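Residue numbers start from 1 in every chain, and the chains themselves are labelled A, B, ... in the order their sequence lines are given, proteins ahead of strands. Please read all numbers here as calculations on a predicted model, not as lab measurements.
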Amino acid sequence: MEQNLFVYNTLTRKKEEFKPINPPHVGMYVCGPTVYSDVHLGNCRTYISFDLIFRYLTQIGYKVRYVRNITDAGHLEGDAGDMGEDKISKKAKLAQLEPMEIVQKYTVGFHDVLQIFNTLPPSIEPAATGHIIEQIELIKIMLERGYAYEVDGSVYFDVEKYNTTHDYGVLNGRNLEDLLNNTRTLGGQDQKHGKLDFALWIKAKPEHLMKWPSPWSVGFPGWHLECSAMSHKYLGAQFDIHGGGIDLVPTHHTNEIAQNIACCDKNPARYWIHTNMLTVNGQKMSKSLGNSFLPHELFSGEHSILDRGYSPMTVRFFMLQAHYRSTLDFGNEAMEASDKGFKRLMNAVTLLDTLKASGSTDIDIAPLKQRCYDAMNDDFNSPVLIAELFEATRIINSVHDGKTKIDAANLEILKNIISTFVFDVLGLKNEQAANDDLPKVLNLVVNLRNEAKKNQDYATSDKIRDGLQKIGIQLKDSKEGTNWSKI
RNA sequence: GGCGGGGUAGCCAAGUGGUAAGGCGCGGCUCUGCAAAAGCUGUAUGCGUCGGUUCAAUUCCGACCCUCGCCUCCA
């Protein structure tokens, strides 16, 4: 199906029609996690947002190569006094572990969490430490072309020189004057010629654990270089989409663009897509603010700000109910609303299989289907898509109640909408369909209760209903019989 | 201090130069042994405040207030 997709591009601050360089192929690079600790829920939002984008691009027929890196070389720590030591090796020494042991632990944890949220794996997931050679090669080019300089075994990028011929602030719209006047000067950076210069290669102190040989010193790569190296290697000098959290714009992505242009005269990506933050009481969720929590704490409810736990799909649904470029405020009341809404949607999805087609139809479903595409074509507007799916929910319920008639052709379209958008695009799963034995057991219990009801033994029937309610199963009586669902 | 977002009903959250999607909550009705579920239905004369442009502004412009983010690694 041909779709005119419009995407908001941070580079131009406008929605632009999406035109891939080599259709039907699409190259997409998303900055992945630094694996020195558990990912928190805010991190997850970004990967769920890009999962939606990946799924939709695939749905409308693109062959997407989705590259998402694992940063396992560690970044320099910003804390004064810790300059030159990266986060991964610091944690390793504290915990008496090998750096790669830390990397392994948190990489596995990251994968587990994303799988629980039903995100699709990227096509390639390269690790920074596996691309040291490529990074060294890029540094050589930047030195040759005069955009970098070496000082005592370390190599820095010369921002002011770069800015004489290029616009360093293309992405965040700030000019160099402004940056120079409003950037905090950190201690221990005497080697740099200019205060905006950033490291490409850092000479390692003797006690540093993760280090590699290079033409300049035994050391480790700077903290923006890996993405330039890996995107270039797997997607080419210029590809379609580069993504990440909005907080990467001013520094990481700005420097990444400068590196790529310094190496091969091209902004690496045509469309820069940035996802917004998850907030708690209006404030960004972050580890340093102490308002972050881990996915498993949300599932179990074991956290001081949580009233109770919520299932992974409820959380995913909650996130998709907001647009990816808006901040989303987390709260118990909002989670409760998503939980109810998601279950209502899923109940309708289950009901859809039982619907019978009539000879005639009261409704024309095709426009609804197009509205679903329209929503997603408008910069992946998942909240509007979900609103349309609730329209589908109303139709399903109405047909089920016998108030609306639908013919076979329209029923087929309705089923197609649900499978395409609920499952393939939004990536939701029906969690209550998981257990095989439960329906059989419940069938038996429900039949016993109906017998009691027939005998007007309401004491027994209510005892069964209330007992099931307590363990999280709700019975629903209707003319056709009794259904059940998990609460 | 500089730069950039945002302020939409009790909560979360879309959106638009022509009079406010959706979910939850709340009220009413249908159904029901009762309830729940489900369905139908009602629920912002209003979109931070004050001005301006316009036939028309929540939507554009200006000022102000509040709030958040970035400026140091950060999804």
Toward the 5' end of RNA chain B, by each residue's nearest nucleotide, Leu289(A) or Asp247(A): Leu289(A)
Using the P atom as the point on both nucleotides, what is the distance between A21(B) and G42(B), in whole Å? 12 Å
Would you say Ser326(A) reaches A14(B)'s phosphate, i.e. side-chain N/O to OP1/OP2 under 4.0 Å? yes
With P as the reference atom in both, quote the distance from G4(B) to U58(B) in angstrom, rounded to an integer. 26 Å
Under 4.0 Å between a side-chain N or O of Lys287(A) and OP1 or OP2 of C74(B)? no
Pair of N/O donor and acceptor under 3.5 Å linking A35(B) base with Asp477(A) side chain: yes
If the P atom of A63(B) is compared with that of G2(B), how far apart are they to the nearest Å? 14 Å
Residues Asn347(A) and Lys476(A): side-chain donor-acceptor under 3.5 angstrom: yes
For atom CG of Leu345(A) and atom P of A38(B), their distance in whole Å: 12 Å
Expressed in whole Å, how much space separates the C1' atoms belonging to C11(B) and G5(B)? 22 Å
For a quick check, tell me whether the side chain of Asn381(A) and the base of G22(B) share a donor-acceptor pair closer than 3.5 Å. no
What integer number of Å spans the P atoms of G10(B) and A44(B)? 11 Å
Is there ring stacking between Tyr47(A) and A75(B), where the centres must be under 5.5 angstrom apart and the planes under 30 degrees? no
Rounded to whole Å, NE2 of His253(A) lies from P of A75(B) at a distance of 10 Å
Between G23(B) and Arg344(A), is there an OP1 or OP2 to side-chain N/O distance shorter than 4.0 Å? yes
Mind checking if Lys403(A) touches a base, just sugar-phosphate, or nothing, with heavy atoms under 4.0 Å? sugar-phosphate
Given the C1' atoms of C3(B) and A56(B), what is the spacing between them in whole Å? 35 Å
With rounding to the closest Å, how many angstrom separate the C1' atoms on A13(B) and C24(B)? 11 Å
Take atom P in G25(B) and the same atom in C61(B), then report the distance between them in whole Å. 38 Å
